[in-house]
2 protein chains.
Amino acid sequence: MAGDTEKYRDLLKKYGCKVTKQRILVLRTLEEKPDSHMTAEEIYDEIKVDFPEIGLATVYRTIQLLSELHLINRMQVDDGYTRYEIGHLEEPVGKHHHHHLVCLQCHKIISFEEDLLEGLEKSIGEKTGFVVVDHEVTLYGYCKECGGKLIEKTTT
Amino acid sequence: MAGDTEKYRDLLKKYGCKVTKQRILVLRTLEEKPDSHMTAEEIYDEIKVDFPEIGLATVYRTIQLLSELHLINRMQVDDGYTRYEIGHLEEPVGKHHHHHLVCLQCHKIISFEEDLLEGLEKSIGEKTGFVVVDHEVTLYGYCKECGGKLIEKTTT
DNA sequence: GTCCATGCAAATGATTTGCAGTATC
DNA sequence: GATACTGCAAATCATTTGCATGGAC
């Protein structure tokens, strides 16, 4: 974990940003739960446990900065919140092929990796003149738990 | 166009909703520009031209209702607004396979249809126990116009 | 020591809600 | 004619911003 701090320190420096405890903490919080897809407020609450002086505005400002640097990814699942996950720092921007399963019942988000659209990107590009640099696939459905509990709804 | 009004009238009745001028107008506005991906306020402004008495709150309420009925689709492109498009009313819920190209430069959204993930849905389901009922693919890149104008950025 | 980042509190802006009047069925 | 829908204005709530203080380099 301390090694990761080092990694983030270097990345922030590389982009000409000051290295602050708050920035490291946001990155570490998201890294420790790579599949948690936290909201700004959740990140704030999590950090406050060990570092109560942090302000919510700082979390928002940090999140915005880190998104612009592509160190974290922004995502929306239509529940009114913007959520964040740690980026894939090793790979170049737009090449992470990281996708999501969203449970329509409990809003759980599961990530998965899969290189499924390489071919499609090319053919779309040829048809439309669009240069595709990234893609995101979201699958909607019901997770194992909710699928079991699912009560059948009869439309009125 | 009048024929479409008929269609919407029937759909609303089928779901047990009252048929009002406002609801028909929202549906018609979105149908007339199927690729416009309008915000609530844009829909409001458009309708106001011919029907100035409409209220913005009604547009929001109508949009919410129509989304729940899957007559329109909600989407977010990370520009701070929630946008809407007319649904594919002929097909059952979750089977429309309707995807988007988003231009990273001008934020233009282009829709396209393609049945690309049928196989994936099954294999994901088997691996994770997730029952997939729908999917959405978003491709990010640069449209023909912006791609041309694109100034090359050298990464520091 | 300088300048950027932080924390707090106040501001913003999209969306929601309460309520009295109006239209649909 | 009853009930659901509308319009308006006020309320809400996530996110942003101004400003004085504190910390990074």
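- The side chain of B:Thr20 sits closest to D:dC5 out of D:dC5, C:dG7, C:dA5.
- The side chain of B:Gln22 places an N or O atom within less than 4.0 Å of a non-bridging phosphate oxygen (OP1 or OP2) of D:dG7.
- Atoms CG (B:Leu69) and P (D:dC5) sit 11 Å apart, rounded to a whole Å.
- The shortest side-chain heavy-atom distance between A:Val59 and A:Leu25 does not fall under the 4.5 Å cut-off.
- Evaluated for a side chain to side chain contact (heavy atoms under 4.5 Å, CB included) with A:Ile54, the options A:Ile43, A:Ile47, A:Thr62 yield exactly one hit, A:Ile47.
- Between B:Leu65 atom CG and D:dC5 atom P the separation is 8 Å, expressed in whole Å.
- Nearest heavy atom pair, residue A:Arg9 against residue A:Ile24, reads N-CD1, 4.0 Å.
- Here the side chain of A:Ala40 is nearest to one of D:dG7, C:dA14, D:dT15, namely D:dT15.
- In this structure, A:Thr82 reaches the sugar-phosphate backbone alone: every heavy-atom distance under 4.0 Å involves primed, P, OP1 or OP2 atoms, never a base.
- Atom CZ of B:Arg74 and atom C1' of C:dA14 are 12 Å apart (whole Å).
- Remark on DNA chain D: of its neighbouring residues B:Cys17 and A:Lys21, the 5'-side contact belongs to B:Cys17, judged by nearest-heavy-atom nucleotide.
- Note: CD1 (A:Ile63) to C1' (D:dA14) measures 12 Å, nearest angstrom.
- Judged by atom type and distance alone, A:Arg23 does not reach the base of D:dG23 through any side-chain donor-acceptor pair under 3.5 Å.
- When the C1' atom of C:dT16 is taken as reference, atom CD of B:Glu68 falls 13 Å away, rounded to whole Å.
- Taking atom CD of B:Glu53 as the reference point, atom P of C:dA23 lies 10 Å away to the nearest angstrom.
- The residue B:Glu41 sits apart from the nucleic acid: no heavy atom pair falls under 4.0 Å.
- We find that CZ of B:Phe51 is positioned 10 Å from C1' of D:dG7, with the value rounded to whole Å.
- Using a 4.0 Å cut-off between charged nitrogen and carboxylate oxygen, B:Lys21 and B:Glu53 do not count as a salt-bridge pair.
- Along DNA chain C, the nucleotide nearest B:Leu56 and the nucleotide nearest A:Leu56 are compared for position; the residue whose nucleotide lies closer to the 5' end is A:Leu56.
- The nearest heavy atom of DNA chain D to B:Pro52 and to B:Lys18 marks one nucleotide each, and the one closer to the 5' end goes with B:Lys18.
- Of the candidates C:dG7, D:dT15, D:dT6, C:dG7 carries the atom nearest the A:Arg61 side chain, counting heavy atoms from C-beta on.
- Considering B:Lys13, B:Glu31, B:Arg28, B:Arg23 in turn, B:Glu31 is the only one that fulfils the side-chain hydrogen bond (donor to acceptor under 3.5 Å, both in side chains) rule with B:Tyr8.
- Taking only side-chain atoms of B:Tyr60, from C-beta outward, the nucleotide of C:dT6, C:dA9, C:dA14 with the closest atom is C:dA14.
- Between B:Asn73 and the options B:Glu85, B:His37, B:Arg83, a side chain to side chain contact (heavy atoms under 4.5 Å, CB included) holds for only B:Glu85.
- The side chain of B:Thr58 lies closest to D:dG7 when the candidates are C:dA9, D:dC25, D:dG7.
- For A:Gln64, counting side-chain heavy atoms from C-beta on, the closest listed nucleotide (C:dC25, C:dG7, D:dT16) is D:dT16.
- Atom-to-atom, CE of B:Met38 to C1' of C:dA14 comes out at 17 Å; the value is rounded to the nearest Å.
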